[in-house]
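Just so it is clear, the model here is predicted, and its values are computed rather than measured. Residue numbers run from 1 in the order of the sequence given.
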Amino acid sequence: MKLGNTSSAGYKTKGMEQKERRLAFILIAPAVLYLILVMGLPLLWAVYTSLTDKVIGAAEVNFIGLANYIDIIKDPVFQKALLNTFIFAFFAVLGKVVFGVIMSLTMNQPLRGRGVIRVAMILPWTIPTIVSVFAWQWIYSDVGGALNRILMVLHITDHQIGWLSTTNMAMFSVILVNVWRGTPFIAISVLAGLQNISPDLYEAASLDGANVIQRFLYVTLPSVKNVIILAAFVTTIWTLNDFEIVWLMTRGGPSHATELVSTYSYIQGFMNSDIARSIAASLILVPILVVLVHYVTKSSLSEE
């Protein structure tokens, strides 16, 4: 009787496991189907197209293998665009992390009107990109621009600076706009981590004689280190794909000084009608983005 009951319980357990598996497959199926249709198939089409000589408007398409990738890598303009992309991403992310941490520390202070201050600091992230670009174009303008006017009034310079029209200043100028716009994201992320730090840790550090800098280095920074790293990787992905700010402000100029992979790809696809070359240029950054996305996903799941 005991053996019969054990066998019956085993069958019931297996039956429940099979039902749970079926339910899991049913629940996961829509998400998997969505990923295949919306992401998988377009990606496969893009990879195949990059291996052809497809041009917008041409009826005949020939398979040419890696010819597009070889030509792009040999192109001096693309080489400069690739270098510019890494320079742009490195300094923009560095600036956003530094100023984001400073902003989060400010927003976490018990100041009067803290809610208004937080809204004001987060505002650049919420403003539409086109509005931000128009505002910064006025600030950078060679004629009547606010920035040049301020510098001349303060006697820092005695002439108009071509912030967007000279090769020496254009990259710095677009990086500054990207930092201004993206800093609130880092600030919000770090602020969430700061609010989870127990006040007892600061009190203990103060009793041990730690000053403000020491409390930041040995209490605050270790507590929010993982949040900062994760937010930095996320914003790196966004920055490597950035297009709107640079295109609207400089269109990759002057003399390709601000040319990025994204603007290079846009020019090839929509201005030169070479869709295959455009896709190939974009796909060159995919391995780097896949590594970053994998790290972000792995870190997010491990924290949960």
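- Applying the side-chain hydrogen bond (donor to acceptor under 3.5 Å, both in side chains) test to Asp53 and every residue at least two apart in sequence or in another chain returns Asn62.
- Between Ala205 and Val219, the closest heavy-atom pair is CB-CG2, 4.0 Å.
- For Ile213, the side-chain contact (heavy atoms from CB on, under 4.5 Å) test picks out Asn211, Leu217, with sequence neighbours left out.
- Note on residues 207-237: pairs passing ring pair (Phe, Tyr, Trp, His ring centres under 6.0 Å), not counting sequence neighbours, are Phe233-Tyr295.
- Proximity of Leu194 to Val227: side-chain heavy atoms (C-beta onward) are nowhere separated by under 4.5 Å.
- By the side-chain hydrogen bond (donor to acceptor under 3.5 Å, both in side chains) test, Thr220 pairs with Tyr202, sequence neighbours left out.
- For residues 148-162, the set of pairs meeting the side chain to side chain donor-acceptor pair (under 3.5 Å) definition, not counting sequence neighbours, comprises Asn148-Gln160, Asn148-Trp163, Thr157-His159.
- Residues that satisfy the side-chain hydrogen bond (donor to acceptor under 3.5 Å, both in side chains) test with Thr235, not counting sequence neighbours, are Lys96.
- Not counting sequence neighbours, the partners of Ala46 by the side-chain contact (heavy atoms from CB on, under 4.5 Å) test are Ile279.
- Applying the ring pair (Phe, Tyr, Trp, His ring centres under 6.0 Å) test to residues at least two apart or on different chains, the pairs with a partner in residues 236-272 are Phe78-Tyr264, Phe185-Trp238, Phe243-Trp247, Phe243-Tyr266, Trp247-Tyr266, Tyr266-Phe270.
- Contact detail for Leu240 and Leu289: the closest heavy-atom pair is CD1-CD2, 3.9 Å.
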Step by step, would you call Thr250 with Thr258 a side chain to side chain donor-acceptor pair (under 3.5 Å)?
CA-CA 7 Å; Thr250 65; Thr258 59; 2.6 Å; yes
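- Judged as a salt bridge (Lys or Arg N to Asp or Glu O under 4.0 Å), and not counting sequence neighbours, Asp142 has no contacts.
- For the pair Asp75 and Lys80, the salt-bridge criterion is not met [side-chain N within less than 4.0 Å of a carboxylate O].
- In this structure Leu37 satisfies the side-chain contact (heavy atoms from CB on, under 4.5 Å) test together with Leu33, Leu41, sequence neighbours excluded.
- Asn168 is linked by a side-chain contact (heavy atoms from CB on, under 4.5 Å) to nothing, counting only residues two or more places apart in sequence or in another chain.
- At a threshold of 4.5 Å between non-hydrogen side-chain atoms, the residues Val261 and Ile284 do not count as touching.
- Closest non-hydrogen pair, Met121 versus Pro124, comes out as O-CD, 3.3 Å.
- Contacts of Ser265 classified as side-chain hydrogen bond (donor to acceptor under 3.5 Å, both in side chains), with partners at least two apart in sequence or in another chain: Ser278, Ser282.
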